[in-house]
Amino acid sequence: MIKYKVKEVDGEKIIVKTGDKVEFSFRQIDMDIAYLEKNLKEIEGKLGIEKATMANVARTHPHIAEMSQEDLTAAYLYRGASGFVSVADEKIAEIKKQLDDYATEKEEIIKQTGINPNE
């Protein structure tokens, strides 16, 4: 049988749940409730947005709504990969140019100053 007792620690009331001992305070419960209520509002808001998105896609691209879950998953994965590939190719070229610029700059610094970066 679960029983509740109250003890005070540093001015805060701590609830001791026995039968299976767990200690917590009303403040912790209130914090958990606030977190859950915030989470609930966020999820409900996101749910409305996602339902509207699905309705818009189904209206403008009905063939998408008719795809199987397997095809939708494959299309989602393909789109995510293609988006990364298009961004990655550009970023790789940018990084390689920066590396080349640094190599050139290091050579010029060494040439002009005689500093050995390995010392």
Side-chain angles (χ1 to χ4, degrees):
M1 171 185 239
I2 297 199
K3 293 186 178 185
Y4 296 93
K5 294 180 183 178
V6 176
K7 72 178 186 179
E8 193 164 323
V9 176
D10 297 329
E12 182 173 8
K13 291 187 182 344
I14 303 296
I15 295 98
V16 179
K17 180 178 178 180
T18 58
D20 188 18
K21 186 175 179 179
V22 177
E23 295 184 7
F24 54 93
S25 68
F26 275 112
R27 184 175 54 85
Q28 290 168 318
I29 292 172
D30 291 341
M31 287 172 43
D32 285 349
I33 289 169
Y35 171 79
L36 291 171
E37 287 173 343
K38 180 181 177 224
N39 235 1
L40 180 61
K41 285 180 185 178
E42 289 172 358
I43 291 171
E44 288 173 341
K46 178 81 171 154
L47 177 61
I49 291 168
E50 296 301 331
K51 282 183 176 182
T53 299
M54 288 175 67
N56 286 339
V57 170
R59 182 177 40 77
T60 58
H61 302 286
H63 61 284
I64 299 294
E66 295 168 6
M67 291 173 69
S68 70
Q69 288 298 313
E70 182 179 348
D71 287 345
L72 284 170
T73 300
Y76 172 79
L77 293 172
Y78 184 86
R79 177 61 188 110
S82 68
F84 178 81
V85 167
S86 67
V87 171
D89 287 342
E90 186 178 307
K91 192 64 177 173
I92 287 170
E94 182 182 310
I95 290 170
K96 285 182 176 180
K97 176 163 180 0
Q98 289 174 337
L99 289 170
D100 289 344
D101 290 348
Y102 274 127
T104 302
E105 189 170 13
K106 281 178 73 174
E107 285 177 25
E108 188 61 29
I109 291 168
I110 292 167
K111 181 178 160 187
Q112 289 184 25
T113 65
I115 293 173
N116 183 349
N118 298 323
E119 290 181 345

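These numbers come from the heavy atoms of this one structure, side chains and all, not from hydrogens, waters or symmetry mates. Residue numbers run from 1 in the order of the sequence given.
If you take CD on Glu108 and OG1 on Thr113, they are separated by 9.5 Å, rounding to the nearest 0.5 Å. Note that the CD1 atom of Ile43 and the NZ atom of Lys41 stand 13.5 Å from one another [nearest 0.5 Å]. Rounding to the nearest 0.5 Å places CG of Asp100 at 10.5 Å from CD of Gln98. Atom NZ of Lys7 sits about 7.5 Å away from atom CD1 of Ile14, to the nearest 0.5 Å. The CG atom of Asp32 sits 11.0 Å away from atom CD of Glu37, with the distance rounded to the nearest 0.5 Å.
The neighbour count for Met54 CE, taken as heavy atoms of other residues, nucleotides or ligands under 6.0 Å away, does not exceed 12. Heavy atoms from other residues, nucleotides or ligands lying under 6.0 Å from CD of Glu8 number more than 12. Within a 6.0 Å radius of CD in Glu70, no more than 12 heavy atoms belonging to other residues, nucleotides or ligands are found.
A salt bridge links Lys38 with Glu42: the closest approach of a Lys/Arg side-chain nitrogen to an acidic carboxylate oxygen falls below 4.0 angstrom. Look at Glu94 and Lys97 and you find no salt bridge, because none of the NZ, NE, NH1 or NH2 atoms lies under 4.0 Å from a carboxylate O.
Linking Ile, Leu, Val, Met, Phe, Trp and Tyr residues whenever their side-chain heavy atoms come within less than 4.5 Å leaves Phe26 and Met31 in two separate clusters. With hydrophobic clusters built from ILVMFWY side chains whose heavy atoms lie under 4.5 angstrom apart, Ile29 does not share a cluster with Tyr35.
Shown here for Glu23 and Gln28, the closest heavy-atom pair between the two residues is O-OE1, 4.4 Å. Between Pro62 and Arg59, the shortest heavy-atom distance links the atoms CD-O, 4.0 Å. Closest approach of Lys13 and Ser25 over heavy atoms only: O-CB, 3.6 Å. The nearest pair of heavy atoms linking Arg79 to Ser82 is O-OG, 3.0 Å.
With contacts defined as side-chain heavy-atom distances shorter than 4.5 Å, the pair Leu40/Leu36 does not qualify. Annotation: side chain of Ile110 is not in contact with side chain of Glu107 (no heavy-atom distance under 4.5 Å).
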Working note: Ile15 + Val22, criterion side-chain contact (heavy atoms from CB on, under 4.5 Å); need CA distance, chi angles, decisive distance, verdict. CA-CA 8 Å; Ile15 295 98; Val22 177; over 6 Å; no

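Under the salt bridge (charged side-chain N to carboxylate O under 4.0 Å, His left out) criterion, Lys5 pairs with no residue, sequence neighbours left out.
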